[in-house]
Every structure is written in C-alpha cells, then in structure tokens.
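Residue numbering restarts at 1 for every chain, and letters A, B, ... go by the order of the sequence lines. Just so we're clear, the structure is a prediction, and the values are computed from it rather than from any experiment. Values reported hereafter were calculated over all heavy atoms of this structure, with side chains retained and with hydrogens, waters and symmetry mates removed.
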Amino acid sequence: MVRVRFAPSPTGPLHIGGLRTALFNFLFARKNNGKFILRIEDTDQLRYVPGAEEYIIEALRWVGLDYDEGPDVGGHYGPYRQSERINLYRKYAEELVEKGWAYYAFDTPEELEAMRLRLREAKSPVQLYNHLTRDGMKNSFTMSQQEVKARIEAGEPYVIRFNMPADRQIIVHDIIRGEVKVNSNTLDDKVLFKSDGFPTYHLANIVDDHLMEISHVIRGEEWLPSLPLHVLLYEAFGWEAPQFAHLPLILKPNGKGKLSKRDGDQMGFPVFPLDWTDPKTGEKTRGYREWGYLPEAVINILAMLGWNPGTDQEIFTLEELIDQFSLERVQKSGAKFDPDKARWFNQQHLRRKSNEELAKMFLPILQSHGIDVDMGYLLKVIDLMKDRVEFVEEFWSKGYFFFKPPQDYDAKGLKKAWKEQTPQIMRDLKDKIAQIKNFTAENIEKELKEWVEEKELSFSKVFTPLRLLIQGTTSGPHLFEMLELIGKDEIIKRIEAGLQNIEKKK
RNA sequence: GCCCGGUUCGUCUAGUGGUUAGGACGCCAGGUUUUCAACCUGGAGGUCACGGGUUCAAGUCCCGUACCGGGUGCCA
C-alpha cells in the first residue's frame, strides 16, 4: 500500500516549492492507488505563525490536491498535528537512550557556541558535536549515570542527542538520485529531543512516518543532507525505512538561489498560491489565485518544473498528470522559474475553458465595476476576446469598452491615425453607419468596405480612427463583430462624443 | 571551512555509446487580419561547464577541476 504525506511546517504561507512537493506526493499517491496524507509539523513553538495552517489547507484545496487523511479530515492514523502528538515522542527518544543510540546532554547554547567557535578558530576540518568532541562537553559520556539522573530530577534543562556512530559508511538509496554515500564522521550528534519537551523534526518525522505507515518519503532536496541520519534512525529503532525521493529545488528566474518571496515582488510574478498578510508586520503578498492564475495552470506550471512525461505534451490536466506521473522521470537538477512560460500556461488553460465558465469567472469583476450585463451579450464578448487575453481580469482591462464608452483615447494611436481630414471622414462614416439597416457584422463589413472604396479611401484611414472612437485604442477584436455587438445607436453616440472630445483636446 | 547534490540553446527540457543534438517558452521575419491577439510557415540561438581518460565511437561511462545550489541550529 502506497502511503505518502505532505508535511509542511506552519511557519508562514506555503511557498510554491512546497506546493510542488505536495503535488508530486499527490500524483504519486493517486497514480499508485495509495493514500495522500497531510501532516502539520508544528514542533517549533518559536516559529509558529497563526493562520499558516489554514493557509496551507486553503491553498491545497484551491488547486484540488485533496488529501485522504489530515488534521481537518481525520483518519485512522491521527492526530495529524504533531503538537497534538506531543506526549508520544519522549518515549521514543528514551527508547533510543536505553538502546545506546542516544544520550542526554546539558550544554547551554552559549557553551555550544563556544565549542563551535573554538573548532573554527583551530581550523578543524570537522566542526561538529560528535564522537570526537562530545567528550569535552556536558553529557552522558562525561558524567556518571547518577549525576545525569540527579540533574534531570532537579529539573535542569537537557536535550537528547543521537549517538552518531564513528566511521560508518552509510549508503542510502534515493529514487531520483540513486545511491548516495556518506561517512558518518561527517555527521553530528543531532538533537532529537529539545529541552522544551518537543521533538526536533528528525525524531518526530521518523516516528510519525513509521506510525502512519508511510511508504515513500517525497520531499525537497534541502532534506538530502539529513537522509543518512534518518536512515540510521530507522535502523536504531529497528524499523523498516520507507523509500526516499528528493525533489530538485525551484530557483530564481535570473540570478541564483532558491526562489524567495522577494523575487516575486520584484519581478512581477507570485511566489505564493494565495494572498498572504503577515500577521506581525501586516505586510501583504500577492498570490497566484488573486493574480488571476487558474488553479489548473498553477498545477501545470509546477508539474513541469522538474518533471516531464518524455513526450512533447506540455499542457496537462490533473487527471492526465496522475495518469502519466512517475518519480523516475523527475529531474535531478534545480529548475529556474520562468514567469513568461507561467503566463503562457495560464493562457493555454484559459483557452480550454468554455465561454460559460469564463463568463462565470468574469462576472464578479464586472460587478465590481458596477456593470450589470445580459449573459448572452457577455458570452459574445468572451468569444471575441478569448484569444486576446492571458488572464480573466484582462477581459475587463482589454475589453471594458464593450460595457461602457472609452474613457480616454490612446495618444500614440491618435498621433498615428488621426489626420487633418479624419474628422470629416468620421462624420461621413457616421452618416453611412446610420443608414445601415441590417446591422450584422457581415453586412456592416460589406457595406463599409464598399463605402471606403467608393470614396477612394484606404481601409486603415477609415477603420483605425473608427476603432479609436469606439474603443479608445487602435488594436483589439474583430472590428465589425464588435460594431454589431455594441450596437448601432451606441456606435453613433460614441463617434459623436469622440469627435467632440478629440477635437476639444487639440 | 567541511559534507551532499547538480551542470544540454537566455529559460524549461528530450536524449542512457553511433542522430545534421530534438521540442516548448521567449525573441526575430513572413503569411493571415482594418488592427491586435490567436493561428500557420520560417529563422537566429548549443564548442552538451572545463580538462583528462575508457572505447573503433562519448552529451551519454570513469576520474579530476571549476562553477552553481543545498546542508552544516535545542528551524523545519
């Protein structure tokens, strides 16, 4: 039985890198008829951010990554918040102490810092709390059992550290990267259990993965360095380890490093799935959803960052991804995020939506501008504009003139298309339009083109200024379809008003 | 510093010993259009990080170097 989990820490809004990790877990689970579990890893009281868990849940729901077990949906392996499992971990830490795989330590943060400083200044190649240095510290190795016991009973703060064996060649297997070899001498005696009574990630993670019968651990590459420790922990407990897969990181578009919040703000693309307001600073960050991205597009963008099907197909639905996904085809190297391609993905998914669906999404935007419109009319507008937008919002910014007269006339367009004789041509054209009886796109086109030819004018000399008067800019949807839709009376009104406005300006 | 990982057009990538190194985004040009977008056609863009091997043959296998990234916390 395949059981995978997404185990975020509620220390802030979910980052798209985290969302991709969730996606790959989800796809792997669904592909293999397994279970996808959400587990909240809130063992760090200091970094806990209120609202972060709700944010994570809402984000997963928005993109459609439904989990089978989790804090808000329950399941047989709960609870799914580590803070609610808190009394469970100490026992396991102590079990390791009994087995000799862990020990108590009483060093203060200052003492630890002093040790690191000392090693660094001595230019020691290995600067770790390990078998070489622990003899100089305050722990079970340097104190009698009685003293250890006495200190604990006296309520002195202590931690439980892993007893990292010396000089062991650890070979771990990663589904994506193959074999990774590490010598235990380069590893340290990690803290497993903190003095505040909480486990560290390493302990809680292994205990919970085991208790929840996780079969595959799919997580970000930042965890690869701690994989040997985790494998050793499974060995220490005598448990069978799950299989591991470490996903490549999502990197900044230009420059170097992991994608961060700043990048999005500076380069004009979101880094978070949803809007987020920092509860402490009040700082707001925009999300994909509010930016106008479709959840389908976000999924598609993330899926193609580090994975590919081995075919030329690039546009996928969630179902198609489930069908074709495999961990073996996940890339080893980090992928730079490409904002341009992200927009393209959104455009592609937008075009695959029906006019009705798009109308439904556009309606609230229209309402926010105080526009109340007939659905039949709306659907026609969408049909005309669909190939010209990348985001739903652009139905308004690029097509608001379908709903109200232009507010302004594009200066560049005027300069280029508005000539000496243009006002007269437009007046004549208005009269011509007024005479058209059968006001359909086809007929308008026929009659106006004939008229232009009779008058020995050029199309561009007539139609570009006309477009300017009707919509305020020189580029846009099919002119005659647009004229039909907006309607004869309104067209004539706009020509008259436009002539006045433009001449007034001059 | 030490440890781990990575390195194919600007970007995402195909490629598992023998191909003119393929596709997509972006960019440019032409076609179509009153215009823009969409669409169609074409183009530029890669000494497969570099240096050594192995081999009849290497982007593909091995070693080294460089660069990039990650880790190195009583954070996850």
Which atom pair, heavy atoms only, marks the closest approach of A:Ala102 to A:Ala93?
CB-O, 4.4 Å
For A:Ser354 and A:Glu357, indicate whether the former's side chain and the latter's backbone hold a donor-acceptor pair under 3.5 Å.
yes
Test of understanding: with side chain to side chain donor-acceptor pair (under 3.5 Å), list the residues that count as partners of A:Glu156, not counting sequence neighbours.
A:Arg151
Is the backbone of A:Thr11 close enough, under 3.5 Å, to the side chain of A:Ser9 for a donor and an acceptor to pair up by distance?
no
When the C1' atoms of B:G5 and B:C9 are considered, how many whole Å apart are they?
24 Å
A:Leu259 CG to B:G69 P: how many Å, rounded?
14 Å
For residues A:Asp428 and A:Lys432, determine if any side-chain heavy atom of one lies less than 4.5 Å from a side-chain heavy atom of the other.
no
Which part of the nucleic acid, if any, lies within contact of A:Arg219, taking any heavy atom under 4.0 Å across all strands shown: a base, the sugar-phosphate backbone alone, or nothing?
nothing
Taken to the nearest whole Å, CD/A:Gln331 to P/B:G23 is 18 Å
Gap in Å between the two P atoms, one belonging to B:C75 and one to B:U11, rounded
38 Å
Classify the nucleic acid contact of A:Lys258 as base, sugar-phosphate or nothing, counting any heavy atom under 4.0 Å across all strands shown.
sugar-phosphate
For nucleotides 33-51 of chain B, read 5' to 3', which letter fits each nucleotide if B means a protein heavy atom sits under 4.0 Å from the base, S means only the sugar-phosphate is that close, and - means neither?
-BBBBSS------------
Just how far, in rounded Å, is P of B:A76 from CZ of A:Phe198?
10 Å
For residues 200-208 of chain A, tabulate all N or O donor-acceptor pairs below 3.5 Å that involve a side-chain atom, not counting sequence neighbours.
unit_1   : atom_1 : unit_2   : atom_2 : d
A:Thr200 : OG1    : A:Val191 : O      : 2.9
A:Thr200 : OG1    : A:Leu192 : O      : 3.3
A:Tyr201 : OH     : A:Asn205 : ND2    : 3.1
A:Tyr201 : OH     : A:Arg219 : NH2    : 3.2
A:His202 : ND1    : A:His230 : NE2    : 2.8
A:Asp208 : OD1    : A:Arg85  : NE     : 2.8
A:Asp208 : OD1    : A:Arg85  : NH2    : 3.0
A:Asp208 : OD1    : A:Tyr89  : OH     : 3.2
A:Asp208 : OD2    : A:Gln82  : NE2    : 2.8
A:Asp208 : OD2    : A:Arg85  : NE     : 3.4
A:Asp208 : OD2    : A:Tyr89  : OH     : 2.6

A:Phe337 CZ to B:G69 C1', in whole Å, measures 19 Å
Between B:C12 and B:U20 - P atom distance, rounded Å
27 Å
Judged by each residue's nearest nucleotide on RNA chain B, which is more toward the 5′ side, A:Glu41 or A:Thr186?
A:Thr186
Base, sugar-phosphate or nothing for A:Lys398? Non-hydrogen atoms, less than 4.0 Å.
nothing
If B:G10 has a Watson-Crick or G-U wobble mate with both distances under 3.5 Å, name it; if not, just say none.
B:C25
Using the P atom as the point on both nucleotides, what is the distance between B:U8 and B:G15, in whole Å?
14 Å
Taking the six-membered ring of A:Tyr80, is the NZ or CZ of A:Arg39 close enough (under 6.0 Å from the centre) and on axis enough (within 45°)?
no
Donor-acceptor pair, A:Asn25 side chain versus A:Ile218 backbone, under 3.5 Å?
yes
Answer with base, sugar-phosphate or nothing: what part of the nucleic acid does A:Val126 contact at a heavy-atom distance below 4.0 Å?
nothing
Nearest-angstrom distance from the residue atom NE2 of A:His230 to C1' of B:C4
14 Å
Which part of the nucleic acid, if any, lies within reach of A:Gly220 when heavy atoms closer than 4.0 Å are counted: base, sugar-phosphate only, or nothing?
nothing
When the distance from NE2 of A:His173 to P of B:G5 is rounded to whole Å, what number comes out?
13 Å
Would you tell me if any nitrogen or oxygen in the side chain of A:Arg116 comes within less than 4.0 Å of OP1 or OP2 on B:G73?
yes
Hey, does the side chain of A:Lys194 come within less than 4.0 Å of B:C75's phosphate (OP1/OP2), counting only N and O?
yes
For B:G10 versus B:A49, give the span between their P atoms, rounded off to a whole number of Å.
12 Å
Rounded distance in Å between the C1' positions of B:A21 and B:U65
26 Å
Would you classify A:Asn183 as touching base, sugar-phosphate or nothing, given that sugar-phosphate means primed atoms plus P, OP1 and OP2, and contacts are heavy atoms under 4.0 Å?
nothing
Between A:Asn308 and A:Glu314, which is nearer to the 5' end of RNA chain B once each is assigned its nearest nucleotide?
A:Asn308
Separation of the C1' atoms in B:C4 and B:G43, to the nearest angstrom:
43 Å
My understanding is that a pair needs two contacts under 3.5 Å, Watson-Crick or G-U wobble. By that rule, which nucleotide pairs with B:C2?
B:G71
Tell me which nucleotide, if any, is Watson-Crick or G-U wobble paired with B:U16 when both distances must be under 3.5 Å.
none
Mind checking A:Arg120 for me? I need base, sugar-phosphate or nothing, with any heavy atom below 4.0 Å counting as a touch.
nothing
Would you mind pulling out the nucleotide paired to B:U47, Watson-Crick or G-U wobble, both distances under 3.5 Å?
none
Rounded to the nearest Å, what distance is computed from the CG atom of residue A:Asp338 to the P atom of nucleotide B:U11?
10 Å
Counting any heavy atom closer than 4.0 Å, what does A:Ser195 reach on the DNA or RNA strands: base, sugar-phosphate only, or nothing?
base
Using atom P of each nucleotide, how far apart are B:U47 and B:C63 to the nearest Å?
26 Å
For A:Lys461, does the NZ atom sit with more than 12 other heavy atoms under 6.0 Å from it, leaving out its own atoms?
no
Output every pair passing side-chain hydrogen bond (donor to acceptor under 3.5 Å, both in side chains) with a member in residues 391-403 of chain A, not counting sequence neighbours, ordered by first then second residue.
A:His369-A:Trp396
N/O (side chain, A:Lys336) to phosphate O (OP1/OP2, B:U11) under 4.0 Å:
yes
Pairing partner (Watson-Crick or G-U wobble, both distances under 3.5 angstrom) of B:A57:
none
What residues, two or more places apart in sequence or in another chain, satisfy side chain to side chain donor-acceptor pair (under 3.5 Å) together with A:Lys353?
A:Glu296
Do any of residues 42-52 of chain A sit with a heavy atom less than 4.0 Å from RNA chain B, and if so which?
A:Thr43, A:Asp44, A:Arg47
Scanning all shown strands, the Watson-Crick or wobble mate of B:A38 with both distances under 3.5 Å is none
Any carboxylate oxygen within less than 4.0 angstrom of a Lys/Arg side-chain nitrogen, looking at A:Lys190 and A:Asp188?
yes
